[in-house]
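The structure appears below as structure tokens.
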Amino acid sequence: MVREARVARAVVPCIKQIDTVAGEWPAQTNYLYATYNGVENDVEFDLKNAVMVLGSGVYRIGSSVEFDSSCVGCIRELKALGYSTIAVNCNPETVSTDYDICDRLYFEEISFETVIDVYHLEQPKGVILAFGGQAPNNIAMGLSRAQVKIFGTSPDDIDNAEDRFKFSRKLEALKISQPSWKKSENVDDAKAFCEQVGYPCLIRPSYVLSGAAMNVAHNEEDLATFLKQAAVVAKEHPVVVSKFINEAKELDVDAVALDGQLCVLAVSEHVENAGIHSGDATLVTPAQDLNKLTLDRIKEITFKIAREFNVNGPFNMQLIAKNNELKVIECNLRVSRSFPFVSKTLDYDFVALATRALMASDNPAIRASIKPTATLLKGRGRVGVKVPQFSFSRLAGADVMLGVEMASTGEVACFGKYRYEAYLKALLSTGFVVPRKNIFISIGGYHAKGEMLDSVAKLSKLGFELYGSKGTADYFQSNDINVKPVDWPFEEGSSDEKTSNPSSSSFENKEFHLVINLPIRGSGAYRVSAFRTHGYKTRRMAVDNGIPLITDIKCAKMFIQALNAVGRRPTMNSQVDCVTSRSLKRLPGLVDVHVHVREPGATHKEDWLTCTKAALAGGITTILAMPNTQPPVIDRASYLLASNAAQEKAVCDYALYLGATPHNASEAAELAHLSAGLKMYLNETFTTLKMDSISDWTKHLVSFPKNRPIVCHAERQTLAALLCGAHFANRHVHIAHVATAEEIRLIKDAKERGWNVTCEVAPHHLFLTEKDLPEGIREVRPRLVTEEDKKALWDNLDVIDCFATDHAPHTWDEKCGKSGAIPPGFPGVEYMLPLLLTAVQEKKLTLKDVTDRLSTNPRRIFNLPTENETYVEVDLNEEWTIPKNGGESKAGWTPFAGRKVHGRVYNVVIRGEEVVVDGRVVAEPGFGRNIRLSKEDAPSSEEEPDEEEVDLSQLEMRRPTLSGDEQSPLHTPPRAVSPAAGPETMGRHLVSVTQFTKIQLNKIFEVADRYRHDVERHVNLTNVLQGYVLASLFYEVSTRTSCSFAAAMQRLGGTVISVDSQSSSVQKGETLEDTARILGSYADVVVLRSKEVGAAERASKVCNQVVINAGDGAGEHPTQALLDAYTIRQEMGTVNDLTIALVGDLKNGRTVHSLAKLLCLYKGITLHYIAPTAELQMPQEVVDYVAARGFTQKKFDNLAEGIHHVDVIYMTRIQKERFSDEKDYEKVKGSYVLTAKLLNEAAMEMHQDSLTGLSRRTSPIVLHPLPRVDEIAVELDHDDRAAYFRQARNGMFVRMAVLALSLGRAEV
Ligand SMILES: [Zn+2]
């Protein structure tokens, strides 16, 4: 109301920009805020196609970066879908408040007032609440009532899930099991309930995140304390007490649905037993312990819930599994904390999908892109474990125990091939230190000791020194496990000074490296009275002394399993540990068959380390090194010299060529098996190895073994001569760096003739011509070519077998001629792949063309072994510029500098080891292997990982012993479907409320709910009653009721004919019976309003169509009563156990007669009758009816007294037309006016429960059948408690349901 008055007077805030540049320039930054201190806006509200996203607000336990991550994901997806984005958030720590994330950033709190101001200024298409966590969810209803368009699940459905009553009712309808529960009115009630179901019980308020004020009560004392706490937090929402299930497994389901159809879901399981808040629990995804039947059952439940709550967007569900049964404990129709975790682990963007589901209603193309396939995601072979991080060490005195209320201040998630690996990694990441030697164990309870027996034995076997408190040590010793008892300073009867091994000092001296303290749960209120216990002191001492502490039995078991399986240090594995947002393409290991390393001899140009680093950075996993070093590799001694240098420094795999000389043919042949091949230099180049005589060539061609290739540097005419020579010698030759059109044609001809020849082309001949580089710099052998030559190479790609760089580094100074003659050659090994990938991008090559020539063909030609677990990951899309510094090579330059290329090498793995991570070479010098040498010792070296594998698989096979329940299917047999409640559940006519059963009532409400939902979503319902005619016969004017029926009929596609009291035949004195009979022959349903009590009943006796009583004098008004009850149920969650005040002329008010009777179908109702005079009190007939059903009724004449502590105030008009004498009317007119003050007095006087001081929720809602005269002050209209306009709207939905059900047309 304040708001409306304010807006009416144009008191609205201005939007200002935060001046981030101190006024020196006009501020451009996108930080906006609302202020009343301004006259004009800094920005124009001209965003088109905008969507507003509400952030998560301040960080606190339970609401932090996870929700922000989801918000940012949503904003990004919206942008990708072409929307403008407006973010509202008030937390400078978040990414969503980075100014460049969205188009408009409002640095404002998440409150109704702010959001609606921004909404009205920006006029976006709608608002998204689903990603900000609980803060936006809490204002959903308010925004919806203010006509704000909300994308996603409707606020009504959100309310249905948050409100315990509505939620529970839905679950019952779906036949989904849930723990028994009760709304707590007072301690006695709650106590009775807890005694009935048995302790422990869970106490929780609704509409809360992170389990604030949630607690498990183990006894009456706890119950009272916790109820008191919960009531403070809950405010106007109900507090619920439910049965807490011990020793059960808790499961988390994250899912996305589109308009009630389930799209995807993921299931995570808690390591700890149920009862630890999911924010504090150790979470494993995908679930490891569930069998297919259970997963199917979970899927089925999720499917049903998505449909029932019309979920549109993300939602989260928590279930518990015990004794072959799944029970749903909670459902949140928004993102959960675990959304980013499951998204990353399962490699599936839940947020993007959810965003698209939200926007599907806005754009049919988006809707078409989503397939609601109800897929259960299982990920890609890795397991994610999320471990909470606590700050107990900073909280002096806090007990290190977990409960249903969230306590963690952070969390770490890690991946692993299996859960133990992931768990250990995550645990270590929280700062947990794996114990070196001494472990102190203290386990409460015989049951827990037994459960830990195997694990403790394992610890002992792993070589740890175990110490225990006396009882614990005794137990394990009697089971033949050596646990040394420690004299326990807190144990009764022991004294600190005389102990030989005082444990408190052991703690202080950190003699213990781990403390496992498993207290007894459920034996009493550990939270309340646990302080000062031995356990508390133990835990606190561990924390205060910085000793790692485990307090949960399941975590302790998992940790010991992990230690046993993984060891102390889990290894990093890029396949499971790394996630990237890049679209990485995996290529096989790539080979460059032509590389000049320059070591030995010219290490100022390049050495084995820099050269192989450059190769790795360029995605090359194996290089074949040319022999023209100093000395050249031509015999055993020089081979060893080069090989030793390589062995010491290389970071990628390699092989060495032998150089051919006129004299070494026989020695070369002997060494061939150790070499990459033989290199023959037949033209002038940077070498001393040139051979001029054809007879010298021939010696090699003949003697070099045929399983090793001969690679020849042979240009122009020499090439022709060589080809002939090789052909005559009947052997294969490989031609290095083919450059000209002439040469490639020659090779093509030779190939066509079937001559055994292969060839390679260098990137500088494919991508450069002589014009591209200055004189001197461009020196290379073969020389750079002309445009025609280059074209000929590209045109004859099919003739080219390999791409090879001819990486021939010289320093920049040398190339510039500063050290004499300019040496020919370019460094290039680092940039070949990006250049080729750019050609792929430009469609000049396919990716297969590249991998054929860099992997498949070289391996075949050079007889190279295929490398296991060797691959190169490239981002094909990244565009970057080749730097001037030449990269890793010592040469310090490259002829390709400054070129824009597409495709970048990100990760390289050789033999399962990561050698390049994120573009950085991480391999240690010496990692590279000479593939010709290592082949011999390969078998022995390859066994280690196998051994490990075997161990792991065994481990997985002897799966942790599942308890009996978990192994057997959790599937519950399908229950018999109740017969569809058809029209027979409704009477034929609707004359009186007394004809209803509770089941019929629920059926009407259920159908009304559905229509309400459909109408709000503009679903076309006109097929329901198409062709049906409603005759509305009103002997008494009531525009409201007749309009409501007409609207209901027309919404369902039917038509309406109206007869009113002015119509002719009625005026002429036709009887009601005749009129009803005749109308019945025209119409399918007759709606009758009359001044006479019992008119509808009379009409129904003669009319052969359905008759609906729309009010018969001071008799009944059943459809009004229906919509009243429906509204109470909608507003309060339930009608049971409410106190309802009926106010006004109760004698003549037919609506209150019907309502009072209808309420008798519920339980625990108390009725207050408030009438100005005894005359106008509730008729005895009604009072008797209610009394006969055992309900409490109280009469009042004072309004303030009568509405004291009630839940619902039902105001009615004093109806002038019901008074025969106007004086009587004047006497009572205006006696009751409900004002805000009265309402507040009724509400604010807190009812104190004597035992707990628990405040009862006493904020009543106000109903009125309307029209009103002056009974309700207009000021109340804006109060949230004023439900009468919503009540009027509900009238149409209820009447739609009544019509459809009466005519047997409601699909049930
Ligand atoms: Zn070369």
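Position 1 is the first residue of the sequence; numbering continues from there. We count ligands from 1, going down the list as the structure has it; atoms in each ligand are counted the same way.
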Taking only residues two or more places apart in sequence or in another chain, which ones pass salt bridge (charged side-chain N to carboxylate O under 4.0 Å, His left out) with Glu787?
Lys790
Show which side-chain atoms of residues 724-732 pair as donor or acceptor with protein atoms under 3.5 Å away, not counting sequence neighbours.
from, atom 1, to, atom 2, distance (Å)
His727, NE2, Trp755, NE1, 3.4
Arg731, NH1, Phe704, O, 2.6
Arg731, NH2, Arg708, O, 3.0
His732, NE2, Thr758, OG1, 2.8

Ignoring hydrogens, what is the shortest heavy-atom contact between His807 and Pro827? Give both atom names and the distance.
ND1-CA, 3.4 Å
Less than 2.8 Å away from the Zn ion (ligand 1), how many protein N/O/S atoms can be counted, ignoring water?
3
Show every salt bridge (Lys or Arg N to Asp or Glu O under 4.0 Å) that has at least one partner inside residues 650-675, sequence neighbours left out.
Asp653-Arg911
Does any non-hydrogen side-chain atom of Val901 lie less than 4.5 Å from one of Leu837?
no
With heavy-atom distances below 4.5 Å as the criterion, would you say the side chains of Arg598 and His810 are in contact?
yes
